*Asks:* 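Following this message is one structure expressed as C-alpha cells.
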Amino acid sequence: METAAATALTFRDAVDSDVDALVALIQSAYRGDSSRAGWTTEADILAGQRIDAEGIRAVVEAPGSRLLTVERDGALVACCQLEHRGDHAYFGMFAVSPALQGGGLGKVIIAEAERTVREVWGATEMHMTVISVREDLIAWYERRGYGRTGQMTPFPYGDERFGVPQRDDLCFELLVKPLF
C-alpha cells in the first residue's frame, strides 16, 4: 500500500532542461524567506545562493553522479544528488519543496536513494555531510539510521557560490549509514 507521501511520485535523472527549476527548488528549500515555510531552512546561518546553474550542470554531467529529480503530477517537488564513490555513495543536494516538508516525502526519497545506490552501484554505505550546527536536521538523519562520525571539514568561507555565512563557527560533519 502506498503512503500518501509516496502517491504518484516519479523519480528520474535530471537533464539539462531541468537546471533552472532545480536551482529554484534548492534555493527555495534552504535560503531566503521562502525557505522559512519548511523546516530545512538555512536562512539564519547562511545568506546568498545555495547552488548555481553551473553547480547543477556539473552534477548532471559528471560520470558516476546522478541528480535524481522527484515529480508529482508533472511538477518538480524534490531532488537529491547521488555520487558513486567506490564501495559507498554520497548523498547531497537534498531539497524538498518547502510547502511539502513535514509530510513524509523526505523519508520516501531518501529510502529510494538508498535503494538505488545499493542496486545500481552495489554501495554498502551512504555518506553525507551536514552543517554541524543543524541539530534538527542531523537528528532527522539519525532517525533514518545515519550516524555522526565526528569527522569535520571546514565550511568554504569566502566562496559565495555556497552562500554568505552569518556566523563564524560553520563546518560540515560526515554522517554515515550502512546499507544492508
Side-chain angles (χ1 to χ4, degrees), residues 5 9-62 64-84 89-114 116-117 126-134 136-138 140-141 144 146 153 155-167 170-175:
L9 294 180
T10 302
F11 293 85
R12 65 173 177 80
D13 288 342
V15 295
D16 194 58
S17 61
D18 295 318
V19 169
D20 291 341
L22 286 163
V23 170
L25 170 69
I26 294 165
Q27 186 74 12
S28 75
Y30 289 97
R31 304 288 163 75
D33 287 338
S34 66
S35 69
R36 295 181 194 284
W39 68 273
T40 62
T41 184
E42 295 173 342
D44 294 328
I45 61 173
L46 291 159
Q49 72 178 25
R50 173 68 162 73
I51 190 72
D52 59 18
E54 264 184 46
I56 298 283
R57 278 190 193 89
V59 172
V60 169
E61 296 170 1
S65 180
R66 301 172 71 173
L67 187 51
L68 195 61
T69 63
V70 184
E71 296 175 334
R72 179 181 280 155
D73 299 324
L76 179 66
V77 297
C79 68
C80 65
Q81 171 190 7
L82 302 173
E83 187 176 314
H84 188 200
Y90 178 80
F91 178 84
M93 218 180 296
F94 187 27
V96 175
S97 172
L100 299 175
Q101 291 178 17
L105 190 57
K107 294 175 194 174
V108 172
I109 294 165
I110 201 166
E112 176 63 14
E114 292 165 358
T116 298
V117 301
M126 185 80 90
H127 291 199
M128 70 174 69
T129 55
V130 178
I131 296 173
S132 63
V133 299
R134 302 284 320 275
D136 289 349
L137 184 58
I138 291 171
W140 187 86
Y141 285 122
R144 314 273 93 61
Y146 288 81
T153 54
F155 186 85
Y157 284 91
D159 188 343
E160 292 190 7
R161 289 178 304 162
F162 301 101
V164 180
Q166 304 299 294
R167 46 194 288 177
L170 302 181
C171 61
F172 295 101
E173 183 172 1
L174 175 66
L175 305 182

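The structure displayed is predicted, hence computed values, not measured ones.
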*Asks:* Looking at every non-hydrogen atom in both residues, tell me the closest pair between G48 and Q27 and how far apart they are.
*Replies:* O-NE2, 3.1 Å

*Asks:* Decide yes or no for V70 and T10: does some side-chain heavy atom of the first lie under 4.5 Å from some side-chain heavy atom of the second?
*Replies:* no

*Asks:* Is a side-chain donor or acceptor of E42 paired with a backbone partner of T40 at a separation under 3.5 angstrom?
*Replies:* no

*Asks:* Any non-hydrogen side-chain atom of I131 less than 4.5 Å from a side-chain atom of I45?
*Replies:* yes

*Asks:* With rounding to the nearest 0.5 angstrom, report the CG to CD distance, L68 to E112.
*Replies:* 6.5 Å

*Asks:* Give, for atom CG of D33 and atom OG1 of T41, the distance between the pair rounded to the nearest 0.5 Å.
*Replies:* 8.5 Å

*Asks:* Using the test side-chain contact (heavy atoms from CB on, under 4.5 Å), find all partners of T129 that sit at least two apart in sequence or belong to another chain.
*Replies:* Y90, F172, L174

*Asks:* Can you see which heavy atom on G163 is nearest to which on L46, and at what distance?
*Replies:* C-CD2, 4.4 Å

*Asks:* With heavy-atom distances below 4.5 Å as the criterion, would you say the side chains of I110 and M128 are in contact?
*Replies:* yes

*Asks:* Specify the closest pair of heavy atoms between A78 and I109, including all atoms of both residues, with the distance to one decimal.
*Replies:* CB-CD1, 3.3 Å

*Asks:* Looking at R36 and D44, does any basic side-chain N land under 4.0 Å from a carboxylate oxygen?
*Replies:* yes

*Asks:* Quick one: CD on E114 to OH on Y146, what's the gap to the nearest 0.5 Å?
*Replies:* 3.5 Å

*Asks:* To the nearest 0.5 Å, what is the distance between CG on D20 and CG on L25?
*Replies:* 12.5 Å

*Asks:* Quick one: pull up CZ in R50 and CD1 in I26 and give me the separation to the nearest 0.5 Å.
*Replies:* 7.0 Å

*Asks:* Looking only at atom types and distance, does a side-chain atom of S132 sit under 3.5 Å from a main-chain N or O of E173, one as donor and one as acceptor?
*Replies:* no

*Asks:* How about Q81 and I51: do any of their side-chain heavy atoms sit closer than 4.5 Å?
*Replies:* no

*Asks:* Between T69 (side chain) and C79 (backbone), is there a donor-acceptor pair under 3.5 Å?
*Replies:* no

*Asks:* Considering all heavy atoms of both residues, which atom of Q101 and which atom of V96 are nearest to each other, and what is their separation?
*Replies:* NE2-O, 2.8 Å

*Asks:* Show your working on side-chain contact (heavy atoms from CB on, under 4.5 Å) between V77 and L105 and close with a plain yes or no.
*Replies:* CA-CA 9 Å; V77 297; L105 190 57; 4.1 Å; yes

*Asks:* Considering non-hydrogen atoms only, spot the tightest contact between C80 and L67 and give its length.
*Replies:* O-CD1, 3.4 Å

*Asks:* Does the pair V133 and L170 meet the rule for a side-chain contact (heavy atoms from CB on, under 4.5 Å), with working shown?
*Replies:* CA-CA 7 Å; V133 299; L170 302 181; 3.8 Å; yes

*Asks:* Holding to side-chain contact (heavy atoms from CB on, under 4.5 Å), I want the full list of residues that pass it with R161, two or more places apart in sequence or in another chain.
*Replies:* Q49, D52, D159

*Asks:* About how many Å separate CD1 of I56 and CG of L22, when rounded to the nearest 0.5 Å?
*Replies:* 5.0 Å

*Asks:* For S35 and P98, work out which heavy atoms get closest and say how close.
*Replies:* CA-CG, 4.3 Å

*Asks:* Is any side-chain heavy atom of R66 less than 4.5 Å from a side-chain heavy atom of T116?
*Replies:* yes

*Asks:* Are side-chain heavy atoms of M93 and Y30 found at a separation under 4.5 Å?
*Replies:* no

